[in-house]
Amino acid sequence: MKIAVLGGTGDQGLGVVIRFVQLGEQVIIGSRKAEKAEKAVENVKELLGGNDLDNLKGLSNEDAAKEAEIVILTVPILAQKPTLDSVKDFVEGKIFIDATVPLQSNIGGKPTTYFTLWEGSAAERTASILKGSGAKIVSAFNNISSSSLKDFDKKPEIDCDCLVSSDDNEAKKTVIELIEKIPGIKCVDCGPLEQARTVERITALLINLNIRYKTHYGGLRITGLGNKKP
Ligand SMILES: NC(=O)c1ccc[n+]([C@@H]2O[C@H](COP(=O)([O-])OP(=O)(O)OC[C@H]3O[C@@H](n4cnc5c(N)ncnc54)[C@H](OP(=O)(O)O)[C@@H]3O)[C@@H](O)[C@H]2O)c1
């Protein structure tokens, strides 16, 4: 499946891009400016030592969303609405993964404090903005740091669970299967999209722990759930 990463030029987006490119998935870096996306493609190619990589390209966010089957949003929360408005017409029937987190650092405060959105979570806000578009919203990647995703040479296996929430069970299943291809990640099916309210808040805690323990790789593992699927 073709995967578009909107804001894929930034920290989190690039990490997601690198991991999926390494898996051989067809990946499109999206940006407000196509040239910036193309430059990011060159950077990733250099990083992965594969100038002949033919499963990665860069486009505007709009063209990336048009072409992809799965779209991932990795922009700062203040860019959430304008980015979604720009792609709303191109996501019908597609899986739309929201990785955004409303942290107070986006509004002049601390990165260790969450701020509450009217809709309850960033993922539910995405669902509200994309209402009527036919996109299937899934919340994922919130608790995995960009360093864990990007530092594939130092940390090939990501020691972190990925908490996944959605009101669309089929979409959630597809996303879990896709993300679990990334070495080390185990996905946890958290149930409906409203669970993103709790999951996103954990990101603020993890940033706090990363600062306190002077690392960039702090993550989360849920234990004791057994092997049965919910
Ligand atoms: N960084 C992490 O470790 C991490 C972990 C979990 C979740 N997240 C979440 O993932 C999201 C992205 O985080 P990040 O650290 O990757 O952010 P970032 O590097 O600051 O920004 C990502 C991309 O968003 C676009 N962007 C930035 N400002 C914008 C604006 N005002 N309007 C429209 N687009 C804008 C830019 O792409 P173009 O200029 O190319 O358009 C930028 O490269 C955030 O919501 C964050 O909370 C991050």
Side-chain angles (χ1 to χ4, degrees), residues 4-19 27-44 57-65 71-88 96-117 119 121-126 129 138-152 155 158-165 179 182 185 196-211 215-220:
V5 185
L6 311 183
T9 54
D11 284 335
Q12 189 72 346
L14 267 184
V16 171
V17 165
I18 287 168
R19 293 294 178 158
V27 182
I28 309 168
I29 294 181
S31 167
R32 285 168 291 179
K33 291 208 162 80
E35 312 81 66
K36 189 174 169 187
E38 283 159 14
K39 200 158 175 239
V41 167
E42 293 314 310
N43 291 342
V44 173
K57 66 177 172 179
L59 294 173
S60 67
N61 283 330
E62 293 85 342
D63 286 341
V71 182
I72 308 179
L73 183 69
T74 58
V75 297
I77 196 70
L78 296 183
Q80 181 190 30
K81 179 153 170 38
T83 308
L84 293 175
D85 285 343
S86 72
V87 301
K88 188 172 178 178
F96 196 99
I97 302 177
D98 184 296
T100 65
V101 182
L103 297 171
Q104 290 206 354
S105 48
N106 294 116
I107 50 169
K110 296 188 290 183
T112 50
T113 311
Y114 185 86
F115 71 88
T116 306
L117 296 168
E119 294 82 358
S121 65
E124 288 165 285
R125 186 165 188 251
T126 284
I129 296 167
V138 180
S139 167
F141 284 120
N142 308 93
N143 305 143
I144 303 179
S145 74
S146 60
S147 299
S148 295
L149 289 160
K150 285 201 294 190
D151 294 352
F152 62 91
K155 303 256 178 195
I158 296 180
D159 186 16
C160 189
D161 283 353
C162 182
L163 307 190
V164 184
S165 318
I179 295 177
I182 300 174
I185 297 185
R197 297 175 186 200
T198 304
V199 174
E200 291 173 14
R201 281 171 168 79
I202 294 171
T203 306
L205 171 68
L206 289 170
I207 292 170
N208 174 49
L209 294 176
N210 276 317
I211 294 169
T215 179
H216 299 286
Y217 305 109
L220 186 78

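Ligands are counted one by one from 1 in listed order, and the atoms in each one are counted from 1 as well.
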Geometric N/O contact [X] with ligand 1, under 3.5 angstrom:
X: T100; answer: no
X: S147; answer: no
X: A79; answer: no
X: V101; answer: yes

Would you check if the side chain of [X] reaches a backbone N or O of [Y] as a donor-acceptor pair within less than 3.5 Å?
X: Q80; Y: A122; result: yes
X: D161; Y: I185; result: no
X: K110; Y: Q104; result: no
X: N210; Y: G218; result: yes
X: T9; Y: G30; result: no
X: E119; Y: I129; result: no
X: Q12; Y: I144; result: yes

Nearest protein heavy atom with distance in Å, relative to [atom]:
atom: atom 11 (C) of ligand 1; answer: V75 O, 3.3 Å
atom: atom 10 (O) of ligand 1; answer: A99 O, 3.6 Å
atom: atom 39 (O) of ligand 1; answer: K36 NZ, 2.6 Å
atom: atom 24 (O) of ligand 1; answer: P76 CD, 3.3 Å
atom: atom 4 (C) of ligand 1; answer: Q12 OE1, 3.3 Å
atom: atom 30 (C) of ligand 1; answer: R32 NH1, 3.2 Å
atom: atom 42 (C) of ligand 1; answer: T9 OG1, 3.8 Å
atom: atom 19 (O) of ligand 1; answer: D11 N, 3.2 Å

Under 4.0 angstrom from ligand 1, any heavy atom of [X]?
X: L78; value: no
X: P82; value: no
X: N143; value: no

For [X], atoms of ligand 1 separated by under 4.0 Å from a heavy atom:
X: S145; result: 3 (O)
X: S31; result: 38 (P), 40 (O), 41 (O)
X: G10; result: 16 (O), 19 (O), 22 (C), 43 (O)
X: N142; result: 6 (C), 7 (C)
X: S146; result: 1 (N), 2 (C), 3 (O)

Counting neighbours of NZ on K88 that are heavy atoms of other residues, nucleotides or ligands and sit closer than 6.0 Å, is the number greater than 12?
yes
In terms of side-chain heavy atoms, does D98 have a donor or acceptor partner in T126 at a distance below 3.5 Å?
yes
Using distance alone, with no hydrogens and no angle criterion, decide if S148 and R19 have a side-chain donor and acceptor under 3.5 Å apart.
no
Would you mind telling me if ligand 1 is within reach of the side chain of I144, the backbone, both or neither, using heavy atoms under 4.0 Å?
backbone
Identify the two heavy atoms, one from P76 and one from N106, that lie closest to each other, and give their separation to 0.1 Å.
CB-ND2, 3.8 Å
What pair of heavy atoms forms the shortest contact from S145 to Y217, and how long is it?
OG-CA, 4.3 Å
Could you point out which residue of L103, V101, I202, T113 forms a side-chain contact (heavy atoms from CB on, under 4.5 Å) with I207?
L103
